[in-house]
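First up is the structure itself, then whatever we jot down about it.
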Amino acid sequence: MAEKHQHDAPPSPYLEKRRTAAETEALEERVRRLENLLTEKGIVSKKTLDRVVSIYENDLGPLNGAKVVARAWVDEAYRQRLLADATKAIKELGFGGLQGEHMVVVENTATVHNIVACTLCSCYPWPVLGLPPTWYKNPPYRSRIAIDPRGVLVEFGLELDDSIEVRVWDSSAEIRYLVLPERPQGTEGFSEEELTALVTRDSMIGVARINSPS
Ligand code: FE
């Protein structure tokens, strides 16, 4: 690992250049060897490793968050439980665990717009949103969202009226935030499943709104 150490290199791994094909191959080979060693020595079973991979591929992702949002839209009692104790309410739908142990849901209204960031690193609610998008982990978003949230939103294509209050929530190792977006107009007759399909990842981070389906 020492062969290319640069003292002027940025300390954050997010700033590193993307790997070349050869570097990726070398990394994959290293992972294979590590995996073999761990399983050969009986430290971890192949089954456990497969289960971890499967969790990241199938069980975590923004669809979980979308189900939480849609439920809150159709079930007022659930919405209130969600805003009062998000961890518990999200658990009702079967989602929770690593990186989602202490959830807080913040609600967008006609007068308040919430945005989530992690100014320090990349904290993100994995059980309901999956793994964070690259831009979420990058320094430009992390620093600018706190300084000029309206300007950043414009770059995402969302222009907010000056009368709307913008709140930026800084995630931490302890607390992970999820935005409850506003239910779009024209969805009065929609089923919970149809509503779920409308909810986007970005709307639950707060960098987008959910457009009316019409
Ligand atoms: Fe973080």
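Computation of the quantities below employed the complete heavy-atom set of this structure, encompassing side-chain atoms and omitting hydrogens, waters and symmetry-equivalent molecules. One-based numbering along the sequence shown. For ligands, and for the atoms within them, numbers begin at 1 and follow the listed sequence. It should be emphasised that the depicted structure is a prediction, and the values quoted were computed from it without experimental measurement.
The aromatic rings of Y177 and W169 sit tilted relative to each other, their planes meeting at an angle between 30° and 60°.
Take a cut-off of 2.8 Å around the Fe ion (ligand 1): the protein N, O or S atoms inside it are C118 SG, C121 SG, S122 N, C123 N, C123 SG.
Using a 4.5 Å cut-off on side-chain heavy atoms (C-beta onward), P133 and Y141 make no contact. Counting only heavy atoms from C-beta outward, the side chains of E28 and T24 approach each other to under 4.5 Å. H113 is listed as a side-chain neighbour of L153, based on a closest heavy-atom distance under 4.5 Å.
In this structure, E76 pairs ionically with R79, as a charged nitrogen and a carboxylate oxygen lie closer than 4.0 Å.
Here E92 pairs with R81 under the salt bridge (Lys or Arg N to Asp or Glu O under 4.0 Å) rule; sequence neighbours left out.
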